[in-house]
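Letters A, B, ... are given to chains in the order of the sequence lines, protein chains preceding strands, and every chain is numbered from 1. None of the values given here were measured: they were computed from a predicted structure.
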There are 2 protein chains.
Amino acid sequence: MLREVARRGSFTAGGQALGFTQSAVSRQVSALEDELGTRLFDRLPRGVRLTEEGRAALVHAEAALERLDAARRDIAALRGLAAGRLRMGAFPTAETELVPRATAAFRTAHPAVSVGVTEGPTHELVGLLRTGEIDLAVITAHPDRVAELPPLALRHLLDDPILVAPPQRHPLAHRGVLGLGELAEETWIADGDTAEETLLSACLRKGFRPRIDYVAREWTAKQGFVAAGLAITLVPSLASSAVRPDIVLAALHPDDAPIRAVYTATAPGVAASASVEGFVPFLVEAAAAMRERAPGRPGT
Amino acid sequence: MLREVARRGSFTAGGQALGFTQSAVSRQVSALEDELGTRLFDRLPRGVRLTEEGRAALVHAEAALERLDAARRDIAALRGLAAGRLRMGAFPTAETELVPRATAAFRTAHPAVSVGVTEGPTHELVGLLRTGEIDLAVITAHPDRVAELPPLALRHLLDDPILVAPPQRHPLAHRGVLGLGELAEETWIADGDTAEETLLSACLRKGFRPRIDYVAREWTAKQGFVAAGLAITLVPSLASSAVRPDIVLAALHPDDAPIRAVYTATAPGVAASASVEGFVPFLVEAAAAMRERAPGRPGT
DNA sequence: GGTTGGCATGCGGGCCGCGCATATCTCCTC
DNA sequence: GAGGAGATATGCGCGGCCCGCATGCCAACC
């Protein structure tokens with residue numbers, strides 16, 4: 001009202017422009033003047049004119065209205081992916097290819113949305129989701145144990161079968177599909193020195209304790225030992241594209257190792273933001289592309 | 001509400017901090033969300049948390065509130081003369097001493113108020129007052145013709161009797177008080193070449209037409225002719241302090257020349273701003289000081 | 001499994017704010 | 001000089017908005 005009245009020079013005209021009567025405007029202005037303790041308009045015989053105080057009030061009022069408009073614009077930008085930020089988390093193997101591919105495609109499509117990725121194991125990501133520190137997580141879990149997770153909104157992306165990497169010269173290499181039992185006598189290299197901590201727990205369920213002579217957390221180191229023919233190791237299929245060309249991968253028999261599934265996860269009760277809604281399809285797309293490139297191995 | 005709820009993490013606590021119930025806050029937030037078309041808070045089991053959109057809205061809302069506070073501060077500053085501007089006008093002679101003295105004292109007392117002075121004859125100043133281009137004017141008028149002015153809020157400052165400046169060697173010099181009739185044979189220097197346009201119209205009312213041999217608008221030039229003994233001239237007492245020391249001034253007999261009065265004037269119906277209210281006392285003070293310094297000549 | 005803390009919502013009431021009508025004032029015109 | 005035009009201020013009455021109360025429901029905590 002302040003603005004319209006100031007622009008038009010009378011309560012009557014200002015009110016008309018806003019669909020109010022002169023009496024409503026008169027009272028509104030009066031009330032504002034009372035609240036501010038000063039006259040905002042000089043009442044002249046043919047209309048009104050801003051006082052010095054009125055000019056000051058008008059400047060600030062227009063600035064305030066502009067901020068409210070800016071809020072609307074900002075929110076529209078967020079919803080249209082013309083702005084915003086996506087904080088996501090992923091377990092390490094997912095960052096070999098799945099998450100980077102999806103992120104690259106998303107950034108090309110929506111360059112104004114900034115994307116941050118935190119690496120961590122699934123249980124940590126779940127905590128970050130629940131505290132609101134990340135908006136979206138790529139996690140992994142055995143399909144029949146999903147129920148053990150805290151309540152989350154999950155979406156299945158792909159399955160991640162475990163491959164085995166025997167040395168080139170190994171008699172079992174190039175067989176294509178191996179049973180885990182056939183590897184009971186092999187020497188292993190793994191993340192930890194007991195089978196329980198690693199993927200090798202599958203061996204325990206199969207009835208033997210693998211012999212772990214070498215321990216290395218770094219993937220590069222493991223590959224070195226494998227390529228030198230010193231040990232064999234297990235490789236999640238998600239990481240298969242990062243394996244050295246002189247290492248051959250073979251599938252494990254499906255019954256031998258429970259297949260881990262990969263999911264996107266968001267916190268329950270938290271409405272998915274536009275950036276989350278927008279990012280998930282790129283993860284789905286990247287997962288599909290990876291399945292196609294390695295036909296017959298990682299499957300849904 | 002947005003701010004309090006965001007700060008405290010729940011509708012209940014936010015409402016309590018503002019003296020509202022949880023239900024009122026819930027509805028307010030809901031209404032705002034509907035208007036903006038987006039969720040501002042995620043509803044969690046133990047409270048709420050801002051969404052990305054909510055954060056954007058909050059930033060702008062706080063900025064808008066800050067502008068409203070700034071408006072209050074600005075207005076308080078204007079009213080406390082800690083800010084603001086005063087546009088005034090004055091007729092030329094008033095700017096010899098009266099207005100400069102008042103302005104200097106005002107600026108010392110209220111350095112944050114900027115003062116602008118427009119010079120012009122009374123009738124122009126009246127126009128500027130009525131259009132709102134100046135807030136305060138120092139004008140002059142014959143006391144019995146004040147009623148002819150358009151309606152204004154006037155305040156009498158002082159009377160401005162007319163003095164005469166005869167040459168030093170003139171036989172009438174040093175007489176102290178002169179009658180206008182005694183000057184009928186003199187040679188004059190004035191602003192225009194006919195008596196009607198100038199202060200010399202007083203001579204016509206006295207029954208003689210003064211002989212104007214010299215015309216000069218600049219005061220310096222007039223004083224030069226007077227000091228050289230070539231002519232005499234009339235001097236408003238307001239300007240007497242700017243007269244060269246080698247020129248002697250004499251009062252005219254009160255009946256001979258109508259005494260002009262000096263007033264402050266503001267537009268009718270326009271509430272005097274704090275700066276106007278604040279400036280007028282300094283004009284009154286300056287006028288009093290000038291009366292004291294020239295005792296017996298300019299009077300109330 | 002009960003308790004607690006929190007949000008959503010139906011219901012009722014009070015107050016605010018608007019429109020209508022009118023009083024009043026100034027300017028303009030005849 | 002009188003009347004009309006155009007503007008604001010204000011009494012009056014009504015409708016709608018907004019709040020508080022009470023309740024329902026849900027998830028987390030003990």
Would you mind building the protein contact string for nucleotides 18-23 of chain C? One character per nucleotide, 5' to 3', B for base within reach (heavy atoms under 4.0 Å), S for sugar-phosphate only, - for untouched.
SBB---
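Of all the residues in residues 37-47 of chain B, B:R43, B:R46, B:G47 reach under 4.0 Å from DNA chain C with at least one non-hydrogen atom.
A donor-acceptor distance shorter than 3.5 angstrom exists from the side chain of A:T51 to the backbone of A:R39, with no hydrogens or angles considered. Panel note: side chain B:D42, backbone A:A271; a donor-acceptor pair is recorded below 3.5 Å. A donor-acceptor pair is defined here as one N or O able to donate and one able to accept, closer than 3.5 Å; such a pair exists between the side chain of B:R49 and the backbone of A:T131.
One interatomic measurement links the two molecules: CD of B:Q16 to P of C:dC7, which rounds to 11 Å at whole-angstrom precision. If you take CG of B:D34 and P of D:dC18, they are 12 Å apart, rounded to a whole angstrom. Going from atom CZ of B:R49 over to atom P of C:dC7 covers 13 Å, rounded to whole Å.
B:S26 comes within 4.0 angstrom of a nucleotide base, judged by non-hydrogen atoms across all strands.
For residues 62-71 of chain B, the set of pairs meeting the side chain to side chain donor-acceptor pair (under 3.5 Å) definition, not counting sequence neighbours, comprises A:H60-B:R67, B:E66-B:R73.
Annotation: the terminal axes of the helix from C:dG1-D:dC30 to C:dC30-D:dG1 meet at 20°, where each axis is the rotation carrying the C1' atoms of four end pairs onto the next four (5 pairs per end, rounded to 10°).
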In a table with atom names and distances, give each donor-acceptor pair under 3.5 Å that connects a side chain of residues 117-124 of chain A to protein atoms at least two apart or in another chain.
{"unit_1": "A:T122", "atom_1": "OG1", "unit_2": "A:T140", "atom_2": "N", "d": "3.1"}
{"unit_1": "A:T122", "atom_1": "OG1", "unit_2": "A:T140", "atom_2": "O", "d": "3.3"}

Considering only distance and modelled atom types, tabulate donor-acceptor pairs under 3.5 Å from the side chains of residues 21-31 of chain B, sequence neighbours left out.
{"unit_1": "B:T21", "atom_1": "OG1", "unit_2": "B:A24", "atom_2": "N", "d": "3.4"}

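Listed here is the closest heavy atom pair of B:L238 and B:V262: CD1-CG2, 3.8 Å. Heavy atoms only, all atoms of each residue included: A:A265 and A:I139 are closest at CB-CD1, 3.9 Å.
Note on ring orientation: taking the six-membered ring where Trp is involved, the planes of B:Y263 and B:H156 are perpendicular (angle over 60°, cut-offs 30° and 60°). Ring geometry for B:F279 versus B:F106: interplanar angle of 30 to 60°, hence tilted.
Looking at A:R72 and B:E35, a side-chain N of the basic residue comes within less than 4.0 Å of a carboxylate O on the acidic one, giving a salt bridge.
The residue among B:E33 and B:R130 whose nearest nucleotide of DNA chain C lies closer to the 5′ end is B:E33.
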